[in-house]
Number of protein chains: 2
Amino acid sequence: MKTKLPNQKQIEHLKDICNKAGIKLTHQRLAIFRELMISHDHPSAEIIHKRLEKSLPTLAIDTVYRTLSTFNELGIVKKLHLKNERTLFDANPDQHHHFICTRCKAVKDLYWEDFDKSTLPESIHNIGHIQFRHLELHGLCNRCLKESNL
Amino acid sequence: MKTKLPNQKQIEHLKDICNKAGIKLTHQRLAIFRELMISHDHPSAEIIHKRLEKSLPTLAIDTVYRTLSTFNELGIVKKLHLKNERTLFDANPDQHHHFICTRCKAVKDLYWEDFDKSTLPESIHNIGHIQFRHLELHGLCNRCLKESNL
DNA sequence: AATTAAATAGTAATTATTCTTGTTGACTTT
DNA sequence: AAAGTCAACAAGAATAATTACTATTTAATT
Ligand SMILES: [Mn+2]
Ligand SMILES: [Mn+2]
Ligand SMILES: [Zn+2]
Ligand SMILES: [Zn+2]
């Protein structure tokens with residue numbers, strides 16, 4: 001559930017993970033992680049790059065991609081490949097899914113424990129063994145609903 | 001459920017849809033639809049193009065993309081935007097979801113009525129109104145499971 | 001301070017997809 | 001049947017997201 005870790009805890013966790021993985025927690029890596037952590041809108045690599053350009057004017061877009069991919073492999077951020085969209089990134093460590101507005105493309109976190117606990121259909125044995133579930137709910141967000149009913 | 005329409009019915013349906021939409025059912029469009037209809041592996045535009053090169057040597061890759069997008073808009077095929085993958089296409093008209101093998105990347109159809117009928121969490125009202133659900137189950141397919149247990 | 005290896009910046013390359021433009025071909029009107 | 005019309009097409013160019021290359025910088029270690 002929405003038991004948000006305080007930010008400092010997440011940073012400590014990041015340090016741990018980097019130490020264990022034997023990689024350096026550079027200035028750039030820390031800045032990219034912080035930026036994603038405080039962004040609740042699931043930004044793309046390019047948007048993260050833009051948001052950091054004042055504090056880190058020489059930061060290369062390539063470094064943002066590389067760093068986010070590294071973090072993704074370390075399990076500390078998640079890449080989101082959504083319908084029709086470029087890759088987005090997420091630092092929310094809690095088990096959750098996503099709502100995507102078909103109109104404004106906003107991406108919101110969505111918690112659905114009953115689904116997470118539900119048992120898979122029998123027929124799955126004919127196919128393979130599930131490692132994880134990826135669920136997207138698409139529709140109109142409340143803001144767009146309001147606008148279209150004016 | 002898996003009540004597969006016979007292919008000829010699907011072709012008739014395609015003709016209907018094209019007539020109603022006021023577009024021509026050209027040789028290329030028919031060939032692309034047939035190819036997708038008999039392909040049960042969720043091919044990409046490029047693969048469809050390759051599979052048709054013997055029968056239609058001058059077919060342009062652009063036409064494949066254009067045609068599949070048109071069919072997608074007409075609701076007769078579905079674009080699949082899956083994790084880490086290029087766009088795939090699907091002509092299976094039945095309500096279903098997908099299993100994706102993390103190893104060999106195979107995509108299989110998956111039917112899960114209980115999920116389709118399940119009620120969304122209350123919290124959805126704080127977010128918006130759902131139009132459709134998109135579910136992917138990721139894991140190891142039976143073939144890859146067998147190979148890794150040798 | 002010197003050594004070393006990892007990480008970065010800047011730029012080039014790649015790749016999937018879409019766009020542009022001139023041509024084709026099916027259908028209609030004469 | 002010839003001419004006209006227009007959607008659709010083929011070919012190649014363009015675009016945009018992402019990744020690769022390489023010389024330089026940084027940070028940890030001696
Ligand atoms: Mn999220
Ligand atoms: Mn399918
Ligand atoms: Zn919206
Ligand atoms: Zn497999």
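Throughout, protein chains are lettered first and strands after them, A, B, ... in sequence-line order, and every chain is numbered starting at 1. Since we're looking at a predicted model, the values are computed, not measured.
In this structure, A:Gln28 reaches the C:dA9 phosphate: one of its side-chain N or O atoms is under 4.0 Å from OP1 or OP2. For A:Arg66 and C:dT8, the shortest distance from a side-chain N or O to OP1 or OP2 is below 4.0 Å. OP1 or OP2 of D:dA10 has at least one side-chain nitrogen or oxygen of B:Thr58 nearer than 4.0 Å. The phosphate of C:dT17 (OP1 or OP2) has a side-chain N or O of B:Thr87 nearer than 4.0 angstrom. The side chain of B:Thr63 contributes no N or O atom lying less than 4.0 Å from OP1 or OP2 of D:dC9. In this structure, A:Ser44 does not reach the D:dA17 phosphate: none of its side-chain N or O atoms is under 4.0 Å from OP1 or OP2.
Within 4.0 Å of A:Ile61, counting heavy atoms only, lies no atom of the nucleic acid at all.
Taking only side-chain atoms of B:Lys24, from C-beta outward, the nucleotide of D:dA17, C:dT8, D:dA8 with the closest atom is D:dA8. Picking from D:dT18, D:dA11, C:dG10 the nucleotide with the shortest atom distance to the side chain of A:Tyr65 gives D:dT18.
One atom, NE2 of A:His27, and another, P of D:dA28, lie 13 Å apart when rounded to the nearest Å. As a whole-Å value, the separation of A:Glu46 CD from D:dT19 P is 14 Å. Rounded to whole Å, the distance from CZ on A:Arg86 to P on C:dT17 is 15 Å. Per the geometry, CD1 belonging to A:Ile48 stands 11 Å off P belonging to D:dT18, to the nearest Å. Residue A:Asn19 contributes atom CG, which lies 15 Å from atom C1' of C:dA6 at whole-angstrom precision. In this structure, CD of A:Glu73 is placed 13 Å from C1' of D:dT19, rounded to the nearest angstrom.
Checked by distance alone, B:Asp62 brings no side-chain donor or acceptor within 3.5 Å of a matching partner on the base of D:dC9.
Under the 4.0 Å criterion applied to side-chain N and carboxylate O atoms, B:Arg51 and B:Asp41 are assigned as salt-bridge partners. Using a cutoff of 4.0 Å between basic side-chain nitrogens and carboxylate oxygens, B:Asp109 and B:Lys78 are not scored as salt-bridged.
A distance of 11.0 Å separates CZ in A:Arg29 from CG in A:Leu68, rounded to the nearest 0.5 Å.
Residues A:Glu46 and A:Arg86 meet the side-chain proximity criterion, which asks for heavy atoms closer than 4.5 Å.
Nearest-nucleotide positions on DNA chain C place A:Thr67 closer to the 5' end than the other of A:Thr67 and B:Ser69.
Using the six-membered ring where Trp is involved, B:Phe115 and A:Phe115 have ring planes that are tilted, between 30° and 60° apart.
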